[in-house]
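Note sheet for the following structure.
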2 protein chains.
Amino acid sequence: MSQHLIPEELNPEGADFLPGLAMDFVIFGFHQNQLKILLLDYRNTDLFALPGGFIRQNENLNDAARRVLAERTSLTDIYLEQFYSFGDVARHDVAPLRAIMEAKGLKPGDDHWLLRRFVSVGYYALIDFTKAVPIADLLSDSCAWYELTNLPPLMLDHRAIVQKALETLRADLDRKGAGLNRWAAPLLSETFTMGELQSLYETILGQKLRRSSFQRKMLSLDILVRLDKKYSGGAHKAPYRYRFPAEEK
Amino acid sequence: MSQHLIPEELNPEGADFLPGLAMDFVIFGFHQNQLKILLLDYRNTDLFALPGGFIRQNENLNDAARRVLAERTSLTDIYLEQFYSFGDVARHDVAPLRAIMEAKGLKPGDDHWLLRRFVSVGYYALIDFTKAVPIADLLSDSCAWYELTNLPPLMLDHRAIVQKALETLRADLDRKGAGLNRWAAPLLSETFTMGELQSLYETILGQKLRRSSFQRKMLSLDILVRLDKKYSGGAHKAPYRYRFPAEEK
DNA sequence: TATTATTGTTCCAAAATGAGACAATAACCA
DNA sequence: TGGTTATTGTCTCATTTTGGAACAATAATA
């Protein structure tokens with residue numbers, strides 16, 4: 001049973017995958033008024049990395065993204081957007097990956113397929129922080145949430161990938177007032193207050209918004225369903241809860 | 001000198017290129033109030049295609065895009081944006097490319113590198129219609145302009161690529177009032193009238209704009225330099241010419 | 001019962017936009 | 001030469017949107 005020593009996904013040829021092409025994921029969650037992303041932690045090497053994956057020979061690129069995303073988060077039906085492809089030669093640095101593989105007891109040859117140059121297609125995903133069950137991949141020791149404002153050092157160009165993902169997310173925000181329920185729903189709990197929704201906007205955009213204007217605009221979209229009030233125990237008026245209307249198919 | 005029969009770029013291995021990865025270009029020009037794009041024409045096969053190219057082993061992805069773009073247009077310093085990567089399995093259809101190659105007298109084997117599956121990175125470019133000198137590639141018979149509103153049938157998913165490019169261009173337009181001079185300059189001649197600028201907007205956005213509002217907004221950007229008047233010979237008031245201020249470095 | 005913090009709403013000024021109106025022309029024409 | 005016509009630059013005013021603040025309505029607490 002020697003294939004247990006060399007997992008199928010790390011076979012010397014990587015034969016079932018498209019060569020030279022990878023995907024990297026910036027997976028956003030929102031918790032306690034903070035944007036967080038999932039990172040893989042290679043403890044033995046002090047290296048953190050974005051979750052990634054490869055495309056099978058008979059698989060659509062975007063389908064591969066959903067497959068890998070499901071593997072890392074245990075979720076399907078994820079809000080997912082492809083945002084940019086990264087192909088600088090400088091990405092090709094065998095040192096970190098070799099260190100990671102050796103920390104796992106592998107001794108890859110210089111021509112191991114994982115050590116070749118990769119162009120990587122970047123995706124960002126928006127998922128429910130409370131429902132996701134982050135699962136480490138074969139080479140990493142953990143897959144966990146990290147605050148976007150306080151990221152550990154990332155390998156290769158992953159910092160730039162995160163930055164580009166955030167910029168794209170912000171730009172998409174402006175253009176998608178209508179699709180609010182599609183992108184905001186996964187980041188919030190089932191019901192939420194206006195303050196929580198505003199906080200989400202402020203955190204993503206990185207700037208404060210005016211309370212009355214925000215409320216006016218959100219209500220004018222005519223997409224929020226007002227429910228009962230939320231009594232938080234504070235010495236003040238209780239805010240209404242809202243939810244998005246049920247998806248119509 | 002048999003390598004003249006099999007051009008270096010079509011060598012059996014494609015060894016100098018990253019395997020399985022290509023680029024497709026939607027190259028926009030603006031002429032006579034029409035948006036046009038460059039297409040390659042394979043006359044013998046009734047097939048039209050977007051200009052494309054491959055990435056060298058030691059070349060940054062975006063650098064490769066500029067190199068190929070220069071080859072097709074004879075221009076450098078082009079406004080260029082990467083907008084999406086296309087990776088459906090359905091893209092992999094050997095028939096059209098085989099037909100094209102055989103029309104050129106090549107007899108590719110089933111495993112010829114050009115006949116394998118490619119993921120393609122899409123770029124759109126904005127260039128000066130009057131300055132570009134479209135140059136056909138090794139497999140095509142011509143590289144010429146076609147009206148966006150009246151495109152011939154395109155091979156594979158190239159129609160969808162054009163559509164996505166246009167959508168991205170429109171979205172970018174909204175967000176880049178400031179960068180107006182960067183993106184609009186290559187599409188217009190050195191000097192232009194307000195009507196021509198408005199026509200450019202209307203053509204890209206696919207909708208009419210109000211004349212007075214447009215003029216007010218453009219002038220309020222404080223970026224247009226008003227020059228002399230343009231006497232076109234028409235029986236009416238002559239419009240001012242404008243130009244963008246010289247780039248500051 | 002007064003106090004406090006937070007919320008939903010209202011109000012008004014300021015800014016942006018929509019929709020025309022109007023005067024100023026170039027060229028043409030009678 | 002003076003009227004005609006099409007187009008342009010600007011102005012006006014109504015409408016809409018936004019900014020910024022005020023205000024009343026609470027939940028809990030003291």
Side-chain angles (χ1 to χ4, degrees), chain A residues 32-33 170 173-178 180 184 188-245, chain B residues 32-33 170-171 173-180 184 188-245:
Chain A
Q32 294 176 333
N33 284 349
R170 286 177 177 168
L173 225 64
D174 289 339
R175 279 187 299 114
K176 298 189 179 172
L180 171 66
L188 297 165
S189 42
E190 190 66 27
T191 68
F192 49 89
T193 67
M194 191 62 74
E196 287 165 353
L197 181 59
Q198 180 172 347
S199 172
L200 173 60
Y201 263 90
E202 290 176 340
T203 305
I204 294 178
L205 296 177
Q207 60 180 346
K208 285 285 174 189
L209 302 174
R210 268 149 281 291
R211 195 171 59 89
S212 65
S213 303
F214 184 82
Q215 177 129 338
R216 178 170 49 194
K217 170 146 282 192
M218 287 302 121
L219 292 181
S220 75
L221 290 178
D222 212 32
I223 188 184
L224 295 178
V225 180
R226 179 176 284 184
L227 308 170
D228 59 336
K229 292 190 171 186
K230 177 184 176 184
Y231 299 90
S232 60
H236 52 74
K237 188 173 177 179
Y240 288 108
R241 288 178 212 268
Y242 296 88
R243 66 168 169 76
F244 295 112
Chain B
Q32 293 176 336
N33 284 350
R170 285 177 177 169
L173 224 65
D174 289 340
R175 279 185 300 112
K176 298 188 179 173
L180 170 65
L188 297 165
S189 43
E190 189 66 27
T191 69
F192 50 89
T193 68
M194 191 61 74
E196 287 164 352
L197 182 59
Q198 180 172 348
S199 172
L200 173 60
Y201 264 90
E202 290 177 338
T203 306
I204 294 178
L205 295 177
Q207 60 180 345
K208 286 283 174 190
L209 303 175
R210 272 152 279 291
R211 194 172 59 90
S212 64
S213 302
F214 183 83
Q215 176 128 340
R216 178 169 49 193
K217 168 145 283 194
M218 286 302 121
L219 292 181
S220 75
L221 290 178
D222 211 31
I223 190 183
L224 294 178
V225 181
R226 179 176 285 185
L227 307 170
D228 60 336
K229 293 190 169 186
K230 176 184 177 185
Y231 300 90
S232 60
H236 50 75
K237 188 173 178 179
Y240 289 107
R241 290 178 209 268
Y242 296 89
R243 65 168 172 76
F244 295 111

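Per chain, numbering begins at 1; letters A, B, ... match sequence-line order. Computation of the quantities below employed the complete heavy-atom set of this structure, encompassing side-chain atoms and omitting hydrogens, waters and symmetry-equivalent molecules.
- Summarising the geometry, the separation between CD on B:Gln198 and C1' on C:dG18 is reported as 14 Å, rounded to the nearest angstrom.
- Listed in residue order, the members of residues 205-213 of chain A having a heavy atom less than 4.0 Å from DNA chain C are A:Arg211, A:Ser212.
- In terms of heavy-atom proximity, A:Tyr201 sits nearest to A:Leu180 at OH-CD1, 3.5 Å.
- Counting to the nearest Å, the P atom of D:dG9 and the CG atom of B:Leu227 are 12 Å from each other.
- Scanning all heavy atoms of the two residues, the minimum distance from A:Gln215 to A:Met194 falls at OE1-CG, 3.2 Å.
- Across the protein-nucleic acid pair, A:Lys217 atom NZ and C:dA16 atom C1' stand 12 Å apart, rounded to whole Å.
- The OH atom of B:Tyr242 sits 11 Å away from the P atom of D:dT8 (whole-angstrom rounding).
- Rounded to an integer number of Å, the gap from CZ of A:Arg241 to C1' of D:dA27 is 14 Å.
- Minimum interatomic distance between B:Arg226 and B:Tyr240 (heavy atoms only, all atoms of both residues): NH1-CE1, 3.3 Å.
- One can place CD of B:Gln215 at 8 Å from C1' of D:dT10, the figure rounded to the nearest angstrom.
- Closest approach of B:Arg243 and B:Pro245 over heavy atoms only: NH1-CA, 3.7 Å.
- In terms of heavy-atom proximity, A:Glu196 sits nearest to A:Thr191 at OE1-O, 4.4 Å.
- Applying the 4.0 Å criterion to OP1 and OP2 of C:dG8, one finds that A:Lys237 has every side-chain N and O outside that range.
- Across the protein-nucleic acid pair, A:Arg216 atom CZ and C:dC11 atom C1' stand 10 Å apart, rounded to whole Å.
- Residues B:Glu202 and B:Leu209 approach most closely at OE2-N, 2.9 Å, considering heavy atoms.
- The separation between A:Met218 atom CE and C:dG8 atom P is 14 Å, rounded to whole Å.
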